[in-house]
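Letters go in sequence order (proteins before strands), and every chain restarts at 1.
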2 protein chains.
Amino acid sequence: MRLFHVDIKRFEVEGLATLKDISEELGLSVATVSRALNDFPEVNPKTKRRVAETAERLGYRPNRIAQRLVTGRSGMVGMIVKIRADMSADQTFFEVLTGMTAALASRDADLVLAVDQGDDPVAPYRRMMERNILDGFILNAPVPQDPRVAFLQEQGIPFVMHGRSADAVGYPFYDIDNRAVSSDAVELLLALGHRRIALMNGEARFAYASARRAGFEAAMAEEGGKVPEAFVADIAPNESAAYALALRWLSGRAGPRPTAIVCASTVLAAGVFAAARDVGLHVPGDLSVVAHDDALPQTRAINFAPTLTVTRAPLRDACAPLAHALIDHIDGTPSEVLQTRVRAEMIVRESTGPAPEGESDPWP
Amino acid sequence: MRLFHVDIKRFEVEGLATLKDISEELGLSVATVSRALNDFPEVNPKTKRRVAETAERLGYRPNRIAQRLVTGRSGMVGMIVKIRADMSADQTFFEVLTGMTAALASRDADLVLAVDQGDDPVAPYRRMMERNILDGFILNAPVPQDPRVAFLQEQGIPFVMHGRSADAVGYPFYDIDNRAVSSDAVELLLALGHRRIALMNGEARFAYASARRAGFEAAMAEEGGKVPEAFVADIAPNESAAYALALRWLSGRAGPRPTAIVCASTVLAAGVFAAARDVGLHVPGDLSVVAHDDALPQTRAINFAPTLTVTRAPLRDACAPLAHALIDHIDGTPSEVLQTRVRAEMIVRESTGPAPEGESDPWP
DNA sequence: AGAGAAATTCAAAACGTTTTAAATTTCTTG
DNA sequence: CAAGAAATTTAAAACGTTTTGAATTTCTCT
């Protein structure tokens with residue numbers, strides 16, 4: 001690529017002042033102007049005021065590129081968005097996007113998005129890194145042994161993860177206790193007398209799904225129960241997949257009917273509700289349903305009839321902590337103090353009730 | 001914001017070579033290494049080869065920040081995405097995104113996205129411009145007297161527009177002939193004997209909707225027809241709005257029933273189909289339907305039953321021309337030669353047929 | 001061998017900013 | 001007033017790359 005300098009200059013913003021302009025007008029050095037604007041303590045307050053006023057008047061704006069060249073920092077952090085073949089993205093996409101944009105803005109940082117449709121999870125990071133413009137990355141949807149982690153750590157690129165790829169990791173993250181998401185739900189249902197509890201989990205490839213399955217199975221094992229394989233399922237995150245599976249479970253075709261189902265999301269719960277209705281089961285009289293709720297506008301648990309009992313962890317609550325963690329990490333804070341674990345809140349609503357009479361037999 | 005240099009350096013990529021490393025190893029000047037890598041004609045081919053091989057071996061990658069500082073170019077172009085209050089975006093979003101990303105990559109450029117939920121259309125551009133990192137912008141969904149255009153032109157920032165805000169504009173664009181979208185549909189329907197043709201248009205605030213209304217009304221006027229106001233409607237781009245309006249039209253509550261409807265999108269056509277079915281009308285026997293088709297995967301005209309007659313202009317076809325126009329414009333090509341107008345293709349399928357017997361009376 | 005032309009490479013400046021360490025100025029004290 | 005300390009400002013180098021115009025090298029011809 002042949003780069004030109006002469007013609008391009010006409011596209012530069014007219015009237016933009018540099019430190020040099022300010023220094024000439026005030027009879028100060030460029031270094032002093034820079035130190036004044038950056039609030040260095042040894043600069044006289046009066047000098048600081050004069051510099052600030054002149055900068056304002058001349059419309060000075062720092063050249064971020066020049067800053068980046070010297071400091072290695074641009075104030076821009078990246079996020080890669082995975083696009084599916086059908087041109088959709090995870091439904092949480094915009095929620096995260098807007099929350100993260102706002103949170104980063106409070107730290108004078110900008111979010112830079114890029115999309116990816118490829119098969120190599122690392123390639124888009126490599127590509128964005130090549131520009132050498134970004135300060136760091138925000139990662140989400142971790143898988144066990146996430147190759148992105150290895151790559152970014154090897155390259156020494158700061159990043160934070162929404163979720164985590166393992167229990168103990170060497171990077172900053174914000175994660176809910178996914179074991180507790182399942183075990184809390186199981187404990188509530190056990191307390192209500194349920195013994196045949198099924199898990200409708202998220203996609204197996206994600207780390208959160210592994211943790212939830214582990215938490216579910218551990219809680220069931222505490223009660224002395226071993227759940228049949230058919231009733232612990234990892235499925236695609238859509239209502240129709242949930243509907244089909246729930247139909248099989250509730251029709252008795254897969255074995256004894258569960259009296260309760262723990263769902264990975266409110267979307268799956270909607271499918272379960274529809275299946276229960278279609279086989280003539282009443283929620284919660286015949287079947288109790290608990291779901292995990294990311295508190296997305298489109299899938300509100302309170303919009304369900306009956307209202308949905310949930311483990312609730314608003315996705316949006318992750319944005320500010322993640323943004324701050326990333327900026328702090330870029331500033332030099334060690335990873336260990338930037339790892340946030342939160343427990344989802346159990347909110348009992350109408351979709352859970354006592355196990356039906358005569359339906360307290362455990363899984364065989 | 002206080003910027004630091006010392007501690008941050010530990011995040012720099014290990015082992016990255018600079019031009020200086022190459023020049024030292026080969027005993028050449030930094031200038032020659034640069035000129036060799038940038039294929040300057042006066043550099044000896046043998047020298048070029050030696051430089052290229054050494055760069056490859058040392059893992060040299062250009063520091064884009066340094067290039068940007070000298071040339072004013074970063075190879076990154078921006079696009080602002082409007083997010084609605086319900087956390088959704090235009091359904092064309094991902095289609096444009098992926099197409100544009102690929103097209104820009106072929107020009108060694110990257111797309112940088114930012115989201116906006118505010119009320120001021122100009123503010124996000126101002127904010128992104130403040131970083132002084134982007135080479136230009138891609139704009140879409142123009143409105144008449146688009147304030148973004150005025151702002152970016154005043155600031156001398158290169159941009160291209162998908163669509164245009166007026167008939168004659170001073171910036172590069174890629175646009176379909178929206179007048180012809182309507183008039184082509186009307187002409188087809190007139191040729192089939194239809195006289196009572198209604199227009200279900202897009203949102204009035206967009207420039208394309210104005211053009212389509214004008215084209216529709218002009219084509220109907222050619223036939224000596226004046227369409228009643230009630231049958232030329234600007235509506236929200238969703239199926240339920242279309243369904244409700246079509247019900248009113250087809251029930252006869254708004255006046256004589258139209259024998260044909262021209263829809264702004266396939267989404268609206270789906271609403272019209274549903275309404276026709278619900279009032280017992282047959283498509284195309286009782287009602288012909290033509291829609292504009294952006295050829296999005298989710299809203300395929302061939303997925304309709306009966307298959308849909310459309311004016312077709314795949315949204316994706318805009319991506320490469322827009323990407324190239326922007327890079328060329330940044331390179332100095334004048335706007336006038338970067339303005340592309342395309343005519344949508346008329347594809348006649350099953351949803352259009354002759355006007356029903358005894359239904360050839362024009363609008364009153 | 002010398003002169004002139006052509007080919008090739010180089011030194012230096014530029015881009016705008018930050019920061020180290022030195023220089024300069026101001027203040028305090030005897 | 002002079003000396004010393006503290007406060008403030010500055011010169012210079014750095015960041016990595018590009019490009020102008022000059023310098024150097026190579027080639028050709030007499």
Exercise. A:Gln67 side chain N/O closer than 4.0 Å to the phosphate oxygens (OP1, OP2) of C:dT18?
Worked result: yes

Exercise. Who passes salt bridge (Lys or Arg N to Asp or Glu O under 4.0 Å) against A:Arg148, sequence neighbours left out?
Worked result: A:Asp146

Exercise. Listed by chain and number, what are the salt bridge (Lys or Arg N to Asp or Glu O under 4.0 Å) partners of A:Glu53, not counting sequence neighbours?
Worked result: none

Exercise. Out of B:Tyr125, B:Phe137, B:Tyr171, which one pairs with B:Phe159 under the ring pair (Phe, Tyr, Trp, His ring centres under 6.0 Å) rule?
Worked result: B:Tyr171

Exercise. In Å and rounded to the nearest 0.5 Å, what is the NZ to CG distance from A:Lys48 to A:Leu37?
Worked result: 10.5 Å

Would you tabulate the nitrogen or oxygen pairs shorter than 3.5 Å linking the protein to nucleotides 9-11 of chain D?
{"unit_1": "D:dT9", "atom_1": "OP1", "unit_2": "A:Thr47", "atom_2": "OG1", "d": "2.5"}
{"unit_1": "D:dT9", "atom_1": "OP2", "unit_2": "A:Asn44", "atom_2": "N", "d": "3.3"}
{"unit_1": "D:dT10", "atom_1": "OP2", "unit_2": "A:Ser29", "atom_2": "N", "d": "2.7"}
{"unit_1": "D:dT10", "atom_1": "OP2", "unit_2": "A:Ser29", "atom_2": "OG", "d": "3.1"}
{"unit_1": "D:dT10", "atom_1": "OP2", "unit_2": "A:Thr32", "atom_2": "OG1", "d": "2.7"}

Exercise. Separation of B:Leu37 atom CG from D:dT19 atom P, in whole Å?
Worked result: 13 Å

Problem set entry | B:Ala66 side-chain proximity, nearest of D:dG16, C:dT18, D:dT18 | D:dG16

For this session: Looking only at side-chain atoms of B:Asn63, point me to the closest of D:dT18, C:dT18, D:dT17.
Result: D:dT17

Seminar exercise, completed: The nucleotide from C:dT19, C:dT17, D:dT19 with an atom nearest the side chain of A:Phe40 is C:dT19

Exercise. Between atom NZ in A:Lys20 and atom C1' in C:dT18, what is the gap in whole Å?
Worked result: 17 Å

Problem set entry | Pairs satisfying salt bridge (charged side-chain N to carboxylate O under 4.0 Å, His left out), at least one member in residues 156-165 of chain B, at least two apart | B:Arg164-B:Asp175

Seminar exercise, completed: Residue pairs passing the ring-ring contact (aromatic ring centres under 6.0 Å, His included) test with at least one member in residues 44-69 of chain B, sequence neighbours excluded, are none

For this session: Write down the distance between CD1 (B:Ile22) and C1' (D:dT17), rounded to a whole number of angstrom.
Result: 12 Å

Seminar exercise, completed: Taken to the nearest whole Å, CD1/B:Ile133 to C1'/C:dG16 is 13 Å

Problem set entry | Integer-rounded Å distance: D:dA14 C1' and B:Ile65 CD1 | 16 Å

Exercise. Can you list the residues that meet the salt bridge (Lys or Arg N to Asp or Glu O under 4.0 Å) rule with A:Asp116, with sequence neighbours excluded?
Worked result: A:Lys82

Exercise. Quick one: which of C:dT18, D:dC15, C:dA14 gets closest to the side chain of B:Val70?
Worked result: C:dA14

Problem set entry | Side-chain N or O of B:Ser34 closer than 4.0 Å to phosphate OP1/OP2 of D:dT18 | yes

For this session: May I have the distance from B:Leu19 (atom CG) to D:dC15 (atom C1'), rounded to whole angstrom?
Result: 13 Å

Problem set entry | Between C:dT9 (P) and B:Asn38 (CG): distance, integer Å | 15 Å

Exercise. Quick one: B:Leu69 CG to D:dT18 P, roughly how many Å, whole number?
Worked result: 12 Å

